[in-house]
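For reference, the structure discussed in these notes is given below.
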Amino acid sequence: MFQGLSEKLQETFKKLRGKGKLNEADVTAAMREVRMALLEADVNFKVVKDFVAKVKERAVGAEVLESLSPAQQVVKIVHEELIALMGGAESKIQISPKPPTIIMLVGLQGAGKTTHAAKLASLLKKQGKHPLMVACDIYRPAAVKQLEVLGEQIKVPVFAQAGRAAAEIARAGAESALRQGADVLIIDTAGRLHINEELMGELQEIKAQVQPQEILLVVDAMTGQDAVNVAETFHARLGLDGVILTKLDGDTRGGAALSVRAVTGCPIKFAGVGEKIEALEAFYPDRMASRILG
Ligand code: GDP
């Protein structure tokens, strides 16, 4: 994960360590390299600018330049600021005191919505919950089938209805959850290749019908800054509660993971790290920062 970025940052810090005592010019040179590394990792330009300014301001302070191990202090500051960039602490999903908790997954086609509906259902089931999944991707019969197959695999029921509008299915699903005693409802919605009015309108209708506790955007980390643009648009139209960043197991450069929170204000709540059902992790900014710094 983020191999290129990790290697570049490690190289930069190695040079700093070799110097012993640092002066402002050393810090400036190191920050120029950090800036390049982040830009190459496809981190949003403004996010990089603010990040480097913050680190530099702290790193040229007396506490660092006059300390016994200035290079280590700089690494510590970068680590802390990376954590802050990704939102600080872990951000959990909100469980409603009055069941069912309704979680709506939205996103573009192929981002991993259907897969992550099942991953999330499986995770919550392991935590003692009784999920019900609702198939609202009515345009692709294969998507309904895919959710049903996954449901069978993880022993989680799936609610589907043919010939009705997505918002009606979602509402009927919520009523079915009450009858069945399901305490979490996970709604899989339709995606498109690109954002369009029709899609947004449909998602807004579903939201209005069931008023979810959590609207989570499922977005492919491999798409870098595009993922951030998609997140901005969905957030403006629907008001997102969080993001599930998928395909972090692939050869992603890190741009989406490092920019989404800063640009949209939405926390990343989960990371998808593979095609298997178990390949879902809670997103911990501190662990991610440690992975990046190696
Ligand atoms: P949807 O159109 O948004 O519902 O996307 P799908 O759930 O059908 O996923 C699209 C493809 O991405 C499938 O082939 C999934 O197996 C794959 N996929 C989903 N999540 C991940 C992930 O975290 N890592 C990897 N490597 N593949 C994933």
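Atoms within each ligand, like the ligands themselves, are counted from 1 in listed order. Count residues from 1 along the sequence.
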Notebook entry, point to check: Ion pair present between E81 and R58, side-chain N to carboxylate O less than 4.0 angstrom?
Noted result: yes
Assess R192 against Y139: is NZ or CZ under 6.0 Å from the centre of the six-membered ring, and within 45 degrees of the ring's axis? yes
| query | Taking atom types as modelled and ignoring hydrogens, do the side chains of H79 and K76 form a donor-acceptor contact shorter than 3.5 angstrom? | reply | no
Lining ligand 1 at under 4.0 Å, by non-hydrogen atom distance, are residues L108, Q109, G110, A111, G112, K113, T114, T115, H116, K119, R140, Q146, K247, D249, G272, V273, G274, E275
Q. So does E205 pair up with R171, basic N to acidic O under 4.0 Å?
A. no
D50 bridged to K54 by N-O distance under 4.0 Å:
no
dist I77:CD1 -> Q72:CD (nearest 0.5 Å) comes out at 12.0 Å
